[in-house]
**Q** 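Below is the structure I would like to discuss, written out as structure tokens.
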Amino acid sequence: MAERDAQIATVDRRTLGVWAGVMLVLGAAFVRAMCSYDPFPWWEADPFRFAPPISGLTPTSGLAMDGLVLLGAGLVLGCSRRGPGRIAACLIAIGLGVISFHAATNMETVTDGASIAASVAAMAAVWAASSVPGVRRVVLGAALGFGVMLAAGGAQEVLIEHPRTVESFQQTRESFYQAKGWDPAGPEAAMYEERLSHPNPTGPFGLTNVLATFAGASAVGLLGVALSGGWNRSSRLAMIAGAAASGWALLATGSKGGVGAAALAGLVVAVSANLRPAWIGRAALAASIGVVLAVFARGLLGDGVGELSLLFRSQYQIGTVSIWAEHPIVGTGPGLFQDAYTRLKPAGAPEDVTSAHSVFFDWVGVLGVGGLGFVAALILGWTRRSEPGSEERPTMSRRTLGRLVGGVVAAAVVAAALTQRETMGLEGALALLAGAVGWGTVGIWIAAGTGRVGNAALAASAVALIHGQLDVTAVWSVSAPLWGVLIGLGVGCLRTEPTGRSRWMVIGTLGCVLSVLVWRGSALMRWERGLNDAADWASRIAAVRLEAVFEGEPGLARAAETLGEWLGTGVPARPDAVEAALEEASLIAHDDAADGLREALRARPTHSGTRAALGRVLAAMAMRDQTRAPQKSARFWDEVVASAEAGTDQAPWDAGTWSWLGRAYELRSRAAVDPAAWLGRAAEAWTEADRLTPQDPGSAARLAGVLWELGREAEARDWAGEALQRDDALVLDPRRRLSARDRASMERLARGIP
């Protein structure tokens, strides 16, 4: 009897361990999904001119959320007796090992690698935990109710936030582009303004297609719950209302792929459930593979057909195959896809993307054999026979299950409110509150209900699986862990197997990833602290600048008073005097900014954005002291050049580092006795940058201009002709072509006319 009691206690401890791990995974995944992400905080634009407050997670806090997902997954796998199975566990361990390798050897792979690891870990955790009665209901309730939150936030975006954003942009257009460093007539500005013209909701993800994945999964899943047995009339009506709200959010995104994935997943699961219930998973997998084949077939048709989105995706597939052929063992590394794709993409492909827009290709391209392991594990999970089973007797009371969902919702909403507290207005707060109420109500109702949920869970997961072959949801930092939760929910409805000792391989590699993240995370913290210190005075100057420009005479007077206190002199409340004082204060603040950026660069020397930001600040200081302190100015110029040259040693794969080196040489030439020597170096650096971006007309045009300035007219004409040929090849996306002014300039140079 004592032995039996001990066995029961052991089982209970294991079950509690599984629940604790699941709640940790869900909480971290939903916090990640509710908070936007800023990969280069404070310095994405010039903070001296445009410095909005941080309203989301930064790389350090995002890394912490991914680490919590990994920790929760390890707890689940350590306590669960069933799960992915021995073969799948070994395959997952291989992929996690490759991520650990990249994170340990290249700082620039850490954040994206952590998100991929968190996605796969969340999948494995929910997959294993689904064998515990009640887990499926809690996960499904939280996942499906999330669509109601997205609908509430989407309505606020479309009806209130978007018109205000457009109005603000129109007022600050010039300063915005100056802060970004964009040409108002260039392709970046054209693409930004085109996106701004469409009032589609993006949610915290920043991308309409990513929001469409979760809105579609919620709409299909809630409809599936409403049509399943065991629910009363009021429950069905609530689920239908939630499905309608999520469906509106899906349609509002304008995502054709999202709508198609939702429709296809619902159809496949509905037909399979009636004809071959045991084959639902296989049918969903076949549908996702069919989508991949359809994209490939669209590529064979070429550009003679008007539809372009699938054609572009076929180009991503071809480029990814070239990337994998070049890096077959460990891939190019998470976060480095764009550098490799820009160099290896098919001729005429206009886009330089950060993702293959297909989870299978994404994993393989950045992780090589590790990605193949992830793909194989996913396929193994979806090819198992369906065992929907029932959850009528969970180990916890239904009230407790509902409270668990409420806890997840509360954690995610509070995190979103805290990160957005400086930018959230009254309307945003009300939308967040309304969304939280809807999310919690639907989620708790499902978790505490008695109706069937197996097929609804499979349908929602199938949406994520299918749309994962068309977009970036599975590898986007904000959404990847939650995508993994949805996939794990689906495969958890299928047959699970004893994992035995093989689960310790996964736990061990999870531990490796976590160890590397802790190590790299300390460097990221120092990097962010340096960026924050560097932007302190810069952001104050930007705030005074906006006050002086947009708040009329009272704002101008306050700005003059503030600037007078900073500079220790009187500043007249006139626009010209305030602008001059702003420039003077800005130049003084550059010293503090340079110190902070130096600290940031020491912590993260491979980050090209930080290096370029430091270079711009140092160049401004050098030009400031050029007449009044020439020796000091020369030291700043030397640091600009030395820092840019070091960047190409730290990150030779990054075209941005070579481009910045060319820019640094060009800036140096303006203060040199012999500018031609520096311009010659600039031409060499830009030639290397062009080698890494061989289809970019802009890099060829830049080379043509500097070569003409050097008097190398024959070479300049050749590069101008090359720029025009590349520009002509971008017929599929006119937004990425040269501006009318730049094209006219290249046409003149190609004829030998300056």
Side-chain angles (χ1 to χ4, degrees), residues 40-51 175 178-181 526-527 529-545 562-563 565-569 571 578-605 607-648 650 656-657 659-675 677-679 681-682 685:
F40 190 19
W42 301 286
W43 286 88
E44 189 68 41
D46 181 359
F48 286 97
R49 292 192 170 274
F50 185 73
S175 60
Q178 287 179 351
K180 285 286 188 180
R526 295 195 304 273
W527 173 71
R529 187 165 56 246
L531 295 180
N532 189 12
D533 292 344
D536 182 22
W537 272 102
S539 59
R540 298 186 197 184
I541 290 170
V544 172
R545 189 186 301 276
T562 302
L563 289 167
E565 293 175 359
W566 289 351
L567 298 174
T569 184
V571 177
V578 168
E579 182 61 31
L582 277 168
E583 292 303 317
E584 183 178 354
S586 175
L587 289 173
I588 294 173
H590 274 65
D591 292 286
D592 290 333
D595 289 338
L597 289 170
R598 289 187 186 104
E599 289 296 324
L601 196 59
R602 278 192 282 270
R604 192 177 178 182
H607 191 256
S608 59
T610 304
R611 194 171 296 277
L614 174 60
R616 288 192 295 268
V617 169
L618 291 171
M621 295 164 66
M623 288 185 283
R624 174 195 66 187
D625 295 330
Q626 198 155 316
T627 55
R628 62 183 184 183
Q631 291 183 339
K632 188 177 180 181
S633 175
R635 289 197 299 271
F636 286 139
W637 279 124
D638 289 343
E639 187 178 356
V640 170
V641 171
S643 175
E645 290 174 341
T648 60
Q650 294 284 348
T657 61
S659 181
W660 168 245
L661 178 59
R663 177 62 174 157
Y665 286 146
E666 182 191 32
L667 290 171
R668 183 67 181 90
S669 71
R670 298 177 184 176
V673 177
D674 182 15
W678 291 104
L679 286 177
R681 292 189 185 185

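Throughout, residue positions are numbered sequentially from 1 according to the sequence presented.
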**Q** Does the pair Asp595/Arg598 count as a salt bridge with the N-to-O cut at 4.0 Å?
**A**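 Yes, Asp595 and Arg598 are salt-bridged.
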**Q** Locate the shortest heavy-atom distance separating Ser633 from Ala622; write the atom from each residue and the value.
**A**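 Minimum heavy-atom separation between Ser633 and Ala622: OG-O, 2.6 Å.
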**Q** So, taking the atom named CD1 in Ile541 and the one named OG1 in Thr562, what distance separates them when rounded to the nearest 0.5 Å?
**A**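 Interatomic distance, Ile541 CD1 to Thr562 OG1, rounded to 0.5 Å: 11.5 Å.
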**Q** Counting neighbours of CD on Glu565 that are heavy atoms of other residues, nucleotides or ligands and sit closer than 6.0 Å, is the number greater than 12?
**A**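 Buried by this count: over 12 neighbours within 6.0 Å.
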**Q** Less than 6.0 angstrom from the centroid, inside 45 degrees of the normal: does Arg663 satisfy that with respect to the ring of Trp660?
**A**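 So Arg663 doesn't make the cation-pi contact.
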**Q** To check you understand the geometry: which heavy-atom pair defines the closest contact between Ala664 and Ala644, and what is its length?
**A**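 For Ala664 and Ala644, the tightest heavy-atom pair comes out as CB-CB, 3.8 Å.
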**Q** What's the verdict on side-chain contact (heavy atoms from CB on, under 4.5 Å) for Trp637 and Leu667, showing C-alpha distance, side-chain angles and the deciding distance?
**A** CA-CA 9 Å; Trp637 279 124; Leu667 290 171; 3.7 Å; yes
**Q** Please state whether the rings of His607 and Phe40 are parallel, tilted or perpendicular, taking 30° and 60° as the class boundaries.
**A**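 His607 vs Phe40 ring planes: perpendicular.
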**Q** With rounding to the nearest 0.5 Å, note down the distance linking CZ in Arg670 to CE in Met623.
**A**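 One gets 7.0 Å once the value is rounded to the nearest 0.5 Å.
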**Q** Does the side chain of Ile588 come within less than 4.5 Å of Leu567's, by heavy atoms?
**A**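 Yes - at least one pair of side-chain heavy atoms lies under 4.5 Å apart.
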**Q** Which residues satisfy the salt bridge (Lys or Arg N to Asp or Glu O under 4.0 Å) test with Arg616, sequence neighbours excluded?
**A**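 Here no residue qualifies.
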**Q** If you take all heavy atoms of Leu582 and Val544, which pair is closest and at what distance?
**A**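 Looking at all heavy atoms of both residues, the shortest contact is CD2-CG1, 3.9 Å.
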**Q** Kindly give the heavy-atom pair with the smallest separation between Thr610 and Ala600, and that separation in Å.
**A**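 Looking at all heavy atoms of both residues, the closest pair is CG2-CB, 4.0 Å.
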**Q** Considering only heavy atoms from C-beta outward, does the side chain of Asp536 approach that of Trp42 to under 4.5 Å?
**A**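 Heavy-atom side-chain distance check fails, nothing below 4.5 Å.
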**Q** Taking the side chain as C-beta and beyond, is there a heavy-atom pair between Arg604 and Arg611 under 4.5 Å?
**A**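 Not in contact.
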**Q** Answer yes or no: is there a donor N or O on one side and an acceptor on the other, between the side chain of Ser659 and the main chain of Gly656, under 3.5 Å?
**A**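 Checking the backbone N and O of Gly656 against the side chain of Ser659, no donor-acceptor pair under 3.5 Å is found.
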**Q** Could you tell me whether a side-chain N or O of Ser643 sits under 3.5 Å from a main-chain N or O of Glu639, the two making a donor and an acceptor?
**A**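 Not confirmed, Ser643 side chain does not pair with Glu639 backbone.
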**Q** Mind checking whether Asp533 and Glu599 have side chains closer than 4.5 Å, heavy atoms only?
**A**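 SC-SC contact between Asp533 and Glu599 ruled out.
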**Q** Taking all atoms of both residues into account, what is the closest heavy-atom pair of Ala685 and Gly662, and its distance?
**A**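 Shortest heavy-atom separation between Ala685 and Gly662 comes out as CB-N, 3.5 Å.
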**Q** Keeping to residues at least two apart or across chains, list the salt bridge (charged side-chain N to carboxylate O under 4.0 Å, His left out) pairs with something in residues 620-631.
**A**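 Non-adjacent pairs meeting salt bridge (charged side-chain N to carboxylate O under 4.0 Å, His left out): Asp591-Arg624, Asp625-Arg628.
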**Q** Would you mind telling me which of Phe636, Phe48, Trp537 makes a side chain to side chain contact (heavy atoms under 4.5 Å, CB included) with His590?
**A**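 Among Phe636, Phe48, Trp537, the one meeting side chain to side chain contact (heavy atoms under 4.5 Å, CB included) with His590 is Phe48.
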**Q** On a heavy-atom basis, which atom in Ala585 and which in Leu563 lie closest, and how many Å separate them?
**A**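 Reported closest heavy-atom pair: CB-CD2, 4.1 Å.
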**Q** How long is the span from the CH2 atom in Trp527 to the CG atom in Asn532, to the nearest 0.5 Å?
**A**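 If we round to the nearest 0.5 Å, Trp527:CH2 and Asn532:CG are 11.5 Å apart.
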**Q** Any side-chain heavy atom of Glu645 sitting closer than 4.5 Å to one from Arg681?
**A**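 The answer is yes, as the side chains (C-beta and beyond) meet within the 4.5 Å cut-off.
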